[in-house]
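So the structure is just underneath, and the comments pick up after that.
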Amino acid sequence: MTEEQAVVVQEELRPLVDLVGPGPSAPATVAGLDVAYSPGGDLLAAAVTVLDARTLTVVDSAVGVGRPAFGYVPGLFAFRELPALLTALNRLTTVPDLLVCDGHGLAHPRRFGLACHLGVVTGLPAIGVGKTPLVGTWDPPPVERGAWSPLRDGGDVVGRVLRTRDGVKPVFVSVGHRMSLANATAQVLALTPRFRLPETTRTADRLCRDALSRTEHPD
DNA sequence: GCGACAG
DNA sequence: ATCTTGTCGC
């Protein structure tokens with residue numbers, strides 16, 4: 001697929017995003033998704049970890065190993081990681097109530113980032129939590145955990161810049177599918193009792209790194 | 001035209 | 001994303 005064709009796919013799928021939500025206020029399980037790459041960038045491992053939303057312990061997980069399905073192009077990120085992530089999701093024995101993606105949802109040039117794509121394809125509620133911005137402008141939120149400021153782009157509020165820990169660099173929260181922005185914010189805060197990044201992202205990050213390492217060095 | 005640009 | 005030297009802080 002060419003970049004032009006990928007953009008067409010995004011514009012075709014974008015109308016399918018559910019912006020009403022509001023999504024589960026008390027999900028029983030929340031999934032984290034992340035991908036690790038080999039040093040040469042020729043291999044990748046995708047991981048999904050499903051956490052009990054109350055205890056934040058892992059109750060299910062799966063991985064998918066493969067080749068990057070697309071070059072790294074900002075704005076077309078989903079085409080790179082989606083196939084391996086879907087492989088991992090299909091290997092779960094449970095269906096999570098919410099997907100927490102490592103990247104953006106609506107906070108995207110065409111309002112269709114990885115979290116939207118993953119949400120539409122799976123039909124599950126999804127949100128994006130990015131470590132760095134892709135689009136938009138914002139004011140620095142107050143230093144206290146829980147403080148946030150709107151992320152604006154082209155006249156739209158596309159997400160929130162959220163402080164998950166006192167005095168620590170904020171994260172970028174945006175809606176993916178079947179979730180309100182307010183609920184997405186609440187869920188991210190529930191997942192960050194101790195660290196800047198959601199517990200879901202942290203467990204998935206560890207798992208895909210381990211899986212990649214085991215793929216490169218069997219023994 | 002120039003710089004920016006999720007992971 | 002990954003590599004990589006040094007530095008700050010708990």
Side-chain angles (χ1 to χ4, degrees), chain A residues 3 6-7 9-10 13-14 17 32-49 63-88 99-121 126-138 143 145 151-154 156 158-162 164-177 181 184 188 194-198 200-217:
Chain A
E3 293 184 21
V7 170
V9 169
Q10 289 183 326
L13 295 181
R14 177 176 52 192
V17 172
L33 303 90
D34 194 22
V35 174
Y37 293 83
S38 61
D42 46 330
L43 277 179
L44 62 75
V48 184
T49 53
V63 301
V65 178
R67 298 244 164 240
F70 209 84
Y72 172 61
V73 181
L76 299 177
F77 185 57
F79 294 88
R80 185 171 172 77
E81 302 193 338
L82 206 58
L85 285 170
L86 290 176
T87 296
L99 304 181
V100 178
C101 306
D102 194 23
H104 301 287
L106 292 180
H108 175 278
R110 290 170 294 280
R111 308 291 181 261
F112 196 73
L114 174 65
C116 299
H117 206 141
L118 221 29
V120 164
V121 167
I127 63 174
V129 180
K131 298 179 284 294
T132 61
L134 173 59
V135 296
T137 59
W138 67 96
V143 297
R145 160 177 158 86
L151 177 61
R152 294 190 171 86
D153 183 55
D156 302 324
V158 297
R160 287 180 180 176
V161 181
L162 175 66
T164 55
R165 305 298 308 160
D166 287 358
V168 168
K169 185 164 124 174
V171 299
F172 298 77
V173 178
S174 59
V175 165
H177 186 56
L181 185 52
V188 171
R194 189 174 159 126
F195 298 105
R196 174 189 178 230
L197 296 180
T200 39
T201 301
R202 293 169 48 81
T203 54
D205 180 78
R206 282 189 353 185
L207 179 56
C208 64
R209 288 193 203 223
D210 288 355
L212 184 64
S213 176
R214 279 185 272 105
T215 301
E216 293 178 305
H217 320 291

> In whole angstroms, how far is the P atom of C:dA1 from the CG atom of A:L33?
Replying inline: 15 Å

>> So, OP1 or OP2 of C:dA1: does either fall under 4.0 Å of a side-chain N or O from A:S38?
In response: no

>> Side chain of A:D102 only, heavy atoms from C-beta on: which candidate in C:dT2, C:dA1, B:dC5 is closest?
In response: C:dA1

>> Do the side chains of A:D205 and A:R209 get close enough for a salt bridge, i.e. N-O under 4.0 angstrom?
In response: yes

>> How many whole angstroms separate atom CD of A:E81 from atom C1' of B:dG7?
In response: 5 Å

>> Taking the basic N atoms (NZ, or NE/NH1/NH2) and the acidic carboxylate oxygens, is any pair closer than 4.0 Å for A:R202 and A:D34?
In response: no

> C:dT2 P sits how many Å from A:E216 CD, rounded?
Replying inline: 10 Å

> Is the phosphate of B:dG7, meaning OP1 or OP2, less than 4.0 Å from a side-chain N or O of A:K131?
Replying inline: yes

> Can any side-chain N or O of A:R196 pair as donor or acceptor with the backbone N or O of A:V168 at less than 3.5 Å?
Replying inline: no

>> Rounded to whole Å, please give me the gap between CZ in A:R80 and C1' in C:dA1.
In response: 7 Å

> Under a 3.5 Å cut-off on both pairing distances, which runs of 3 or more consecutive Watson-Crick or G-U pairs involve DNA chain B?
Replying inline: none

>> Determine whether the aromatic ring of A:F77 stacks with the base of B:dG7, defined as ring centroids separated by less than 5.5 Å and ring planes inclined by less than 30°.
In response: no

> Atom CZ of A:F195 to atom C1' of C:dC10: distance rounded to whole Å?
Replying inline: 12 Å

> Under 30°, 30 to 60°, or over 60°: which ring-plane class applies to A:F70 and A:F79, parallel, tilted or perpendicular?
Replying inline: tilted

>> What contact category does A:L76 fall into here, base, sugar-phosphate, or nothing, at under 4.0 angstrom with non-hydrogen atoms?
In response: base

>> Using a heavy-atom cut-off of 4.0 Å across all strands, would you classify A:G75 as base, sugar-phosphate, or nothing?
In response: base

> Can you check the A:Y37 OH to C:dA1 P distance for me, whole Å?
Replying inline: 9 Å

> CZ of A:F172 versus P of B:dG7: gap in Å, rounded?
Replying inline: 9 Å

>> Near DNA chain B, counting only heavy atoms under 4.0 Å, which residues of residues 104-114 of chain A show up?
In response: A:H104, A:H108, A:G113, A:L114

>> Without decimals, in angstroms, what is the distance between A:H117 NE2 and B:dG7 P?
In response: 18 Å

